[in-house]
Every structure is written in structure tokens, then in C-alpha cells.
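Here the structure is laid out as C-alpha cells; the discussion comes afterwards.
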Number of protein chains: 2
Amino acid sequence: MIVDTPTQTVLYTLEQAIKAYRKLCQHNLDAVAGDITVDQALTLIVLDKHPSLNQQQIAELVFKDKASITRIIELLIQKGLLTRELHPTDRRKFALSITAQGKHILARLSDTILLNQQTALAGLEQAELQQFHQTLQKIIANCVAPPPCA
Amino acid sequence: MIVDTPTQTVLYTLEQAIKAYRKLCQHNLDAVAGDITVDQALTLIVLDKHPSLNQQQIAELVFKDKASITRIIELLIQKGLLTRELHPTDRRKFALSITAQGKHILARLSDTILLNQQTALAGLEQAELQQFHQTLQKIIANCVAPPPCA
DNA sequence: TAAATATAGTTGATATATCAACAGAAAGGT
DNA sequence: ACCTTTCTGTTGATATATCAACTATATTTA
């Protein structure tokens, strides 16, 4: 299929979709939480859901670099949403905990996340989403381990 | 559909796909062109294909901010792939032209772009791509102009 | 034509992505 | 115990994203 875009493929549209979605997310986030970014919110959510994971594992979970996570966490601490203490048994790691203020923001975030998802995926049937997800998985597999013919 | 990811949706997978694709692109690019980024390559290609567009229009075409384009162009000039002169009729604009070296790199880029696309989309049928593209367009439309119910 | 407005591009500030180099700590093997 | 390797996280350098403020120029309008 030919799409009239610079690189003539759906991958260009993929880029466009992600950027549109990020913009929507940030917009909705601004409405409920003061001065936090989508990535900071995502990191906070993941830290809340998976308190036992270390930073490296968190990074993998959100497809970020461990360096990026370090800096995002730094900002979350600066904003008073997170505290960092020494890990009791492994002194390479840190024990991160979410502050009361962080919990407060988290509570307001869940609605926003739902809103983001429902807005972006409005009017899409289950079957269509299913198909979409499968295609994405194929693309990911192709990119991560390119088939020999390529 | 439920996906076992932090935000439980395909939008998460979308993010993953884009990152995997970008990594593949940079990897393939590194193999043929010395020291240029995917965004720089894309900008060079678009400048070549649309020499009459101004920076703002280029920015829209590649879904970037005009500030980003300014900086990318700056780097392309530094690398000797582009020259910037005064625009003959509108002194707010610039006349950008691709140098011989830029043309040389461009020539080698086209193969890489094809490779990137073919690698990422290997094994996908036309019908699947068509459907995928349509779904992406729906998501984009939803994000840009959220339906009132949301 | 003078004033108001719009447009093109740059710059600054901040956040994130990526890679490489690094330090400290833990684990393993001898 | 000692040495090597591995693991965890930080830091630096550079590129990009985003928003806002700004300059210079063009266009519109009164």
C-alpha cells in the first residue's frame, strides 16, 4: 500500500499516531495534575504497581533507558512525590517509596489514564483492536530480530 | 482486549513498536552513513523532495516542532550536508540547498529506507497493512479531535 | 503611509533518549 | 581471602521535543 507521506509507509503514520496520543495525554494530565509530565506519571504508576522491581527493571517495563529512569526519578523526588532510601540488603539499589503527595496524585491519575485510552480508542471494535495489536507485535518482532531475508 | 502491560492497552504496544523501529532505523543508518541521526536523515530527505517548502512546513510534514527543525538543520549545516542562504524575495526565510556531500549521502539513504521498511513490515499482507493504517488513522483522529462523549 | 497583525525563524529552559564511561557493590571462582 | 566478573545506578555528552518569548520581516488594515 502506498501512503502519500515522506517515507511512503504506515510507519510514518505510526509516528504520527504516537505523537498525537502523547499530546492528548499531556493535555489531559495538565488538567488534573500540576506540573508533571506523562513520563513522570507513567513512572510513578509503574513504581506503585511494581514496588519490588529495581530501576533497571522499571526501565525495561516502560521501554526506557536506565539513565532516563534515573533522571525521571530524580525529578519525582524533587517534586516531593517520591523518597529514596538505602536498600536494606543490596547497597547498590535504592528503596523508593511514594509519598503521601505522590499517592494523592496517583489517585487522580487513574481516571486520566482511562480517559486517555478511551478517547484514543473510541469507536474501535474489539476485533479491530485485536488485529491491530497483532500487527504491532509482528512489527516489533521484525524490528528486534530482523528476518534473514531482509 | 486486555494486554498485560502497565496501561493495559495497545497504546503501550504502539509505543514499544515505534521505539523498536527507531532503533532498527538508526542501526541500519549507522551502517551506511557516518554520524547522522534518523531525524537528520529524514529532514534531509524531505528537504530534497520538497525544496519549495519552508521550515515551518517541513516541520509539519515530519510532525516536529519548528524549533526542532531549526536545530536539526543547524547540525546538517555543521556537517556540511546543507547550506543556508538568504531567500531572494522573503528575508524572513532561508534558501536551503543540499551540498554535493549531502546529495552523496542521500543517494545511499534510499536503500536504507527501503531496507528499514521492508524489514519492519516483513510478512505483512497488503490487506493487513491497509487495516493497520485505517486503525492508526482512527486513533489519530480521536486524539486530535476527541469525540464529545469522551 | 502608519499602525496593527501575522509569519518565519531563532533562542532559552526544561525534559527525555541514547550511548559510553564510570563507581560502588555483590557474586563467583580460585 | 583475592581476583575477576557481573550487576546497579549515576553522570556526561549530544540530540531531540516542547513551550514560550523574542527578532525581524511581511502583510493587512485603517
Side-chain angles (χ1 to χ4, degrees), chain A residues 15-16 18-27 29-30 33-44 47 52-79 81-82 84-96, chain B residues 15-16 18-27 29-30 33-44 47 52-79 81-82 84-96:
Chain A
E15 185 87 25
Q16 187 182 5
I18 269 290
K19 293 205 178 180
Y21 181 60
R22 287 220 195 100
K23 214 163 258 180
L24 170 71
C25 288
Q26 187 65 61
H27 180 263
L29 189 53
D30 288 342
D35 192 32
I36 106 168
T37 68
V38 171
D39 291 303
Q40 287 164 22
L42 177 61
T43 303
L44 199 59
L47 282 172
S52 65
L53 298 186
N54 64 33
Q55 294 184 201
Q56 174 71 52
Q57 291 168 320
I58 297 288
E60 281 162 22
L61 206 51
V62 295
F63 313 121
K64 291 179 188 299
D65 196 276
K66 57 183 180 172
S68 297
I69 291 293
T70 291
R71 282 153 184 150
I72 290 173
I73 285 176
E74 207 174 295
L75 291 172
L76 288 173
I77 292 172
Q78 271 181 33
K79 288 177 205 285
L81 308 182
L82 217 56
R84 175 167 49 185
E85 288 164 25
L86 288 177
H87 190 282
T89 64
D90 189 334
R91 292 198 297 171
R92 290 172 302 185
K93 303 181 184 177
F94 291 103
L96 298 169
Chain B
E15 185 88 22
Q16 187 182 6
I18 269 290
K19 294 206 178 179
Y21 180 59
R22 288 221 194 99
K23 215 163 256 181
L24 169 72
C25 287
Q26 187 66 61
H27 180 262
L29 189 53
D30 288 342
D35 192 32
I36 106 170
T37 68
V38 171
D39 291 303
Q40 288 164 20
L42 177 61
T43 303
L44 199 58
L47 281 171
S52 64
L53 298 185
N54 64 33
Q55 293 183 201
Q56 173 71 53
Q57 292 168 320
I58 298 287
E60 281 163 20
L61 205 53
V62 295
F63 313 121
K64 291 178 187 300
D65 194 275
K66 58 181 180 172
S68 298
I69 291 294
T70 291
R71 282 153 184 152
I72 291 174
I73 284 176
E74 207 172 294
L75 291 172
L76 288 173
I77 291 173
Q78 272 182 31
K79 289 178 204 284
L81 309 181
L82 217 56
R84 174 166 50 185
E85 289 164 25
L86 289 177
H87 190 280
T89 64
D90 189 335
R91 293 200 297 171
R92 289 172 304 186
K93 304 181 183 176
F94 292 104
L96 298 169

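Note that the coordinates shown come from a computational prediction; the quantities given were computed from them, not determined experimentally. The analysis underlying the following values was restricted to heavy atoms, covering all of them including side chains, and did not include hydrogens, waters or symmetry mates. The sequence lines fix the lettering, A, B, ..., with proteins before strands; numbering per chain opens at 1.
Across all strands, Asp65(B) comes closer than 4.0 Å to base atoms (heavy-atom distances). Residue-level contact check: Ser68(A) touches the bases, meaning some heavy atom is under 4.0 Å from a base atom. Contacts of Arg22(B) with the nucleic acid, taken as non-hydrogen atoms under 4.0 Å apart, are absent. Among the heavy atoms of the strands lying under 4.0 Å from Asn54(B) are primed sugar atoms or P, OP1, OP2 only; no base atom is included. Among the heavy atoms of the strands lying under 4.0 Å from Ile72(B) are primed sugar atoms or P, OP1, OP2 only; no base atom is included. Residue Gln40(A) is classed as a sugar-phosphate contact, given heavy-atom separations below 4.0 Å to backbone atoms only.
Considering only side-chain N and O atoms, Lys64(A) lies under 4.0 angstrom from the phosphate OP1 or OP2 of dA17(C). Contact annotation: Thr37(B) does not reach the phosphate of dA15(D) (side-chain N/O to OP1 or OP2, under 4.0 Å). In this structure, Gln55(B) reaches the dT10(C) phosphate: one of its side-chain N or O atoms is under 4.0 Å from OP1 or OP2. A close approach under 4.0 Å does occur between a side-chain nitrogen or oxygen of Lys19(A) and OP1 or OP2 of dA17(D).
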Please test Asn54(B) against Arg92(B) for side-chain contact (heavy atoms from CB on, under 4.5 Å), starting from the C-alpha separation and ending with a verdict. CA-CA 10 Å; Asn54(B) 64 33; Arg92(B) 289 172 304 186; over 6 Å; no
Give the intermediate values and the outcome of side-chain contact (heavy atoms from CB on, under 4.5 Å) for residues Thr70(B) and Gln55(B). CA-CA 7 Å; Thr70(B) 291; Gln55(B) 293 183 201; 3.6 Å; yes
Step by step, work out the side-chain contact (heavy atoms from CB on, under 4.5 Å) result for Glu15(B) and Ile18(A). CA-CA 7 Å; Glu15(B) 185 88 22; Ile18(A) 269 290; 3.5 Å; yes
Identify the pairs formed between an N or O of the protein and an N or O of nucleotides 23-25 of chain D at a distance under 3.5 Å, and give each distance.
unit_1  : atom_1 : unit_2   : atom_2 : d
dT25(D) : O2     : Arg92(B) : NH1    : 3.4

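Checked by distance alone, Arg84(A) brings no side-chain donor or acceptor within 3.5 Å of a matching partner on the base of dT8(D).
Whole-Å rounding puts the Lys93(A) NZ to dT10(D) P distance at 13 Å.
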